[in-house]
Amino acid sequence: MTVRVRFSPAPTGYLHVGSARSALFNWLYARHTNGTMVLRIEDTDADRSRPELISAICESLQWLGIDWDEEHHQSDRFDRYVAAANGFLESGHAYRCDCTQDAVKERAEAAGSAGYDSFCRDRNVAPGEGVVIRFRTPDEGIIGWDDLVRGRVEFDCAVLEDFIVVRSSGVPMFHVANALDDLEMNITHVVRGEDLVNTTPRVLLLRQAIIDNRPGEEHPPTPLYAHLPLIVNEKRQKLSKRRDDVSVGDYRTKGFLPEAMRNYLLTLGWGPKDDVEIAPIEKFIAEFELADINKAPAFFDIKKLEHFNAEYIRALPVESFVAAGTPFIADIDPALFATLAPFLQERVKRLEEIPSFLSWVVGDPDEPSEKDWSNVMGKPEVPAVLDLVIERLATADWTPEAIGDVVFGVGTELDTKTQLPVRLALTGSRSGIPLFEPMAEMDRGVVLDRLRAARART
RNA sequence: GCCCCGUUCGUCUAGAGGCCUAGGACGCCGGCUUCUCAUGCCGGUAGCACGGGUUCAAAUCCCGUACGGGGUACCA
């Protein structure tokens with residue numbers, strides 16, 4: 001039996017890291033088993049779905065290197081869901097209900113319980129305005145499944161309310177589409193977030209009802225479920241689009257490499273047994289098993305993501321780094337960026353940091369802090385150092401080697417270290433990329449002006 | 001309220017009864033390399049939520065407690 005998994009986003013927002021991780025685990029399993037990855041757009045709710053988001057979601061998936069073998073849109077299969085729901089009505093699996101939402105809520109509160117009280121089960125409500133179709137859930141019994149991640153999960157049917165399968169607008173609810181599609185698309189493994197655990201009994205019931213209504217037909221076995229632990233924020237709550245910065249596109253904008261993102265995401269809720277957690281994706285495809293996924297939620301640690309990203313950036317051939325970094329350099333001369341790229345590659349954690357390392361080369365230096373200035377420039381030998389450097393740089397060859405010879409040569413003569421005062425005078429900071437290459441790229445006059453200005457302040 | 005679930009260093013994870021005086025990674029701290037920073041290398045810090053069982057032996061199995069999370073829509 002070939003494995004068929006599906007990733008089923010609703011186009012109600014951009015792809016966020018939680019969904020991306022679900023997609024990734026589906027994909028890893030599909031590739032691990034040589035199975036089929038299905039992308040199913042769950043756009044049954046026309047009011048909330050935004051078609052333009054479908055392409056945004058697909059782009060984010062592609063950016064991450066997650067590809068798919070089949071693509072379906074539930075909006076194309078609308079009639080099937082309606083037919084299935086009508087079948088429920090005919091077979092007695094479902095019934096019409098004309099209770100208003102307020103009435104349901106009031107009665108629930110009065111009874112001290114939550115949910116719908118099956119009020120319309122035997123009222124034979126006629127079709128009409130404000131009428132929904134509800135599923136007749138069993139009054140007793142246990143419904144459960146063996147979850148690949150969580151083990152046996154069971155629900156008492158007594159706590160299952162008669163849930164809505166068709167809205168008053170005539171549009172079936174997602175459970176119906178879900179159950180029908182998983183059945184007809186031959187899905188063998190359902191890998192999704194833990195937040196869907198509670199809807200699983202409904203889907204299982206619906207699937208059985210669909211099968212009941214198709215006597216004589218062959219049906220695939222019930223899929224195996226794997227409910228993934230959630231990805232949480234620092235408060236250990238489910239990542240929310242409103243509270244947290246979670247869109248995959250945002251990470252792309254900040255200069256995270258897709259390989260780093262993908263590699264980091266797969267360490268949340270799953271871990272390689274050999275302790276090698278940064279590696280080519282093929283290694284993880286080979287190792288990945290749904291049964292090895294953890295049960296506990298995982299915190300999305302941006303620091304560790306940055307470390308992964310920095311590792312991936314450093315591992316790039318320099319031409320690739322230049323190509324990846326170019327979209328982030330704003331109005332900096334691409335040739336300048338290319339010559340200084342090796343220095344940046346070693347220091348940058350996110351590609352968006354590139355310009356900040358170059359600001360003093362292409363523009364004004366930072367204003368040094370009082371403390372740095374007095375610590376570095378307050379030394380008694382500094383005026384002499386600066387004077388000599390200025391004098392010799394005025395006539396030196398304008399190459400990194402010659403500039404370096406001047407600066408270090410003065411240091412040797414005066415028996416002191418000379419880089420720091422020169423650096424502070426030029427950049428305004430004690431730290432940064434090596435000095436002489438960028439200096440050689442700058443205008444000699446600008447360099448001398450900055451050194452003279454610093455000398456004047458000593 | 002009701003239903004479902006979780007708990008190994010601050011964080012992510014390895015661990016499926018003896019290999020665990022619990023391993024790796026991020027972070028943090030220290031050292032070496034270095035006339036800046038960074039990289040690289042070396043070292044350190046810190047954890048089985050708690051209480052009962054079961055067993056010759058428990059981070060691993062069972063029960064309870066505590067804490068935490070998810071769900072409870074005519075969203076998915």
Side-chain angles (χ1 to χ4, degrees), chain A residues 8-13 19 42-45 47-49 74 97 100-101 104-105 108-109 112-115 130-134 147 149-151 153-156 158-161 163-175 177-178 192-201 227 229-230 232 234-238 264 267-278 291-292 294-308 310 314 343-349 357 376 404 407-408 411-412 416-424 427 429-435:
Chain A
S8 318
T12 55
S19 308
E42 305 220 329
D43 53 355
T44 52
D45 184 354
D47 292 342
R48 287 165 206 267
S49 291
Q74 289 190 329
C97 164
T100 63
Q101 292 180 64
V104 171
K105 213 170 145 188
E109 273 167 25
S113 67
V131 173
V132 299
I133 300 176
R134 288 182 182 272
D147 199 283
V149 174
R150 323 171 79 78
V153 181
E154 291 186 336
F155 286 80
D156 188 338
V159 305
L160 262 30
E161 64 174 316
F163 57 92
I164 293 175
V165 288
V166 179
R167 304 172 173 88
S168 57
S169 64
V171 178
M173 295 284 288
F174 85 99
H175 309 101
N178 210 277
R192 27 119 89 145
E194 180 189 35
D195 48 343
L196 273 335
V197 170
N198 289 268
T199 70
T200 304
H227 285 98
L230 265 14
V232 297
E234 61 289 334
K235 290 160 78 180
R236 301 216 70 86
Q237 293 166 327
K238 176 175 149 182
Y264 174 66
T267 67
L268 298 179
W270 181 83
K273 301 206 190 307
D274 63 1
D275 286 336
V276 179
E277 54 181 15
I278 295 182
D292 294 334
N294 288 156
K295 297 178 182 68
F299 170 62
F300 187 81
D301 186 354
I302 192 82
K303 280 264 178 54
K304 189 156 179 177
L305 203 213
E306 285 184 338
H307 173 259
F308 274 46
R314 274 181 243 121
F343 304 133
L344 295 160
Q345 190 170 0
E346 199 169 70
R347 273 158 256 257
V348 144
K349 288 194 171 77
F357 280 92
V376 175
V407 175
F408 286 152
T412 307
T416 182
K417 293 184 180 178
T418 54
Q419 184 181 169
L420 222 37
V422 173
R423 175 178 291 277
L424 200 65
T427 76
S429 168
R430 303 178 58 123
S431 64
I433 59 173
L435 221 35

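Treat the numbers as computed from the prediction; the structure is a model and nothing was measured. To find a chain, count down the sequence lines: A is the first, B the second, and so on, and within it residues start at 1.
Phosphate proximity of B/A38 to A/Arg314: absent, as no side-chain N or O sits under 4.0 Å from OP1 or OP2. Between A/Thr44 and B/A76 there is a side-chain polar atom (N or O) within less than 4.0 angstrom of OP1 or OP2.
In this structure, A/Arg347 places its CZ atom 4 Å from C1' of B/A38, rounding to the nearest Å. Rounding to whole angstrom units, NE2 of residue A/His175 and P of B/C75 are separated by 10 Å. Counting to the nearest Å, the C1' atom of B/G70 and the CG atom of A/Asp195 are 7 Å from each other. Put simply, CZ on A/Arg423 is 9 Å from P on B/U36, counting in whole angstrom units. Following rounding to the nearest Å, A/Leu196 (CG) and B/C75 (P) show an atom-to-atom distance of 15 Å.
In this structure, A/Phe299 reaches the sugar-phosphate backbone alone: every heavy-atom distance under 4.0 Å involves primed, P, OP1 or OP2 atoms, never a base. Within the nucleic acid shown, A/Glu42 comes within 4.0 Å of sugar-phosphate atoms alone, with no base atom in reach, counting heavy atoms only.
In terms of the ring-ring contact (aromatic ring centres under 6.0 Å, His included) criterion, residue partners of A/Phe408 (sequence neighbours excluded) are, by chain and number, A/Phe436. Residues passing the side chain to side chain contact (heavy atoms under 4.5 Å, CB included) test with A/Val153, sequence neighbours excluded: A/Trp145, A/Asp147, A/Arg150, A/Phe155, A/Val197. Residues meeting the side chain to side chain donor-acceptor pair (under 3.5 Å) test with A/Glu277, sequence neighbours left out: A/Lys304. Applying the side chain to side chain donor-acceptor pair (under 3.5 Å) criterion to A/Asn198, with sequence neighbours excluded, gives no partner residue. Listed by chain and number, the residues in a ring-ring contact (aromatic ring centres under 6.0 Å, His included) with A/Phe163 are A/Phe135, A/His175 (sequence neighbours excluded). A/Tyr264 is linked by a ring-ring contact (aromatic ring centres under 6.0 Å, His included) to A/Phe300, A/Phe308, counting only residues two or more places apart in sequence or in another chain. Looking at residues two or more places apart in sequence or on another chain, you find a side chain to side chain contact (heavy atoms under 4.5 Å, CB included) between A/Lys235 and A/Asn233, A/Gln237. With sequence neighbours left out, A/Asp274 forms a side chain to side chain contact (heavy atoms under 4.5 Å, CB included) with A/Pro272, A/Val276, A/Lys283, A/Glu287. Scanning for side chain to side chain contact (heavy atoms under 4.5 Å, CB included) contacts around A/Ile164 gives A/Val132, A/Arg134, A/Met173, with sequence neighbours left out.
You won't find any donor-acceptor pair under 3.5 Å spanning the side chain of A/Thr12 and the base of B/C75, going by distance alone. Judged by atom type and distance alone, A/Ser168 reaches the base of B/C74 through a side-chain donor-acceptor pair under 3.5 Å.
Salt-bridge check for A/Asp43 with A/Arg48: failed, with every basic side-chain N at 4.0 Å or more from each acidic carboxylate O.
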Sort me out a list of protein N/O and nucleotides 15-17 of chain B N/O pairs below 3.5 Å, or just none if empty.
| unit_1 | atom_1 | unit_2 | atom_2 | d |
| --- | --- | --- | --- | --- |
| B/G15 | OP1 | A/Lys273 | NZ | 2.8 |

Are there any protein N/O atoms within less than 3.5 Å of an N/O atom in nucleotides 2-8 of chain B, and if so, which ones and at what distance?
| unit_1 | atom_1 | unit_2 | atom_2 | d |
| --- | --- | --- | --- | --- |
| B/C5 | O2' | A/Arg150 | NH2 | 2.3 |

Determine, for nucleotides 20-30 of chain B in 5'-to-3' order, which nucleotides have protein heavy atoms under 4.0 Å from the base (write B), from only the sugar-phosphate (write S), or from neither (write -). ---BBBS----
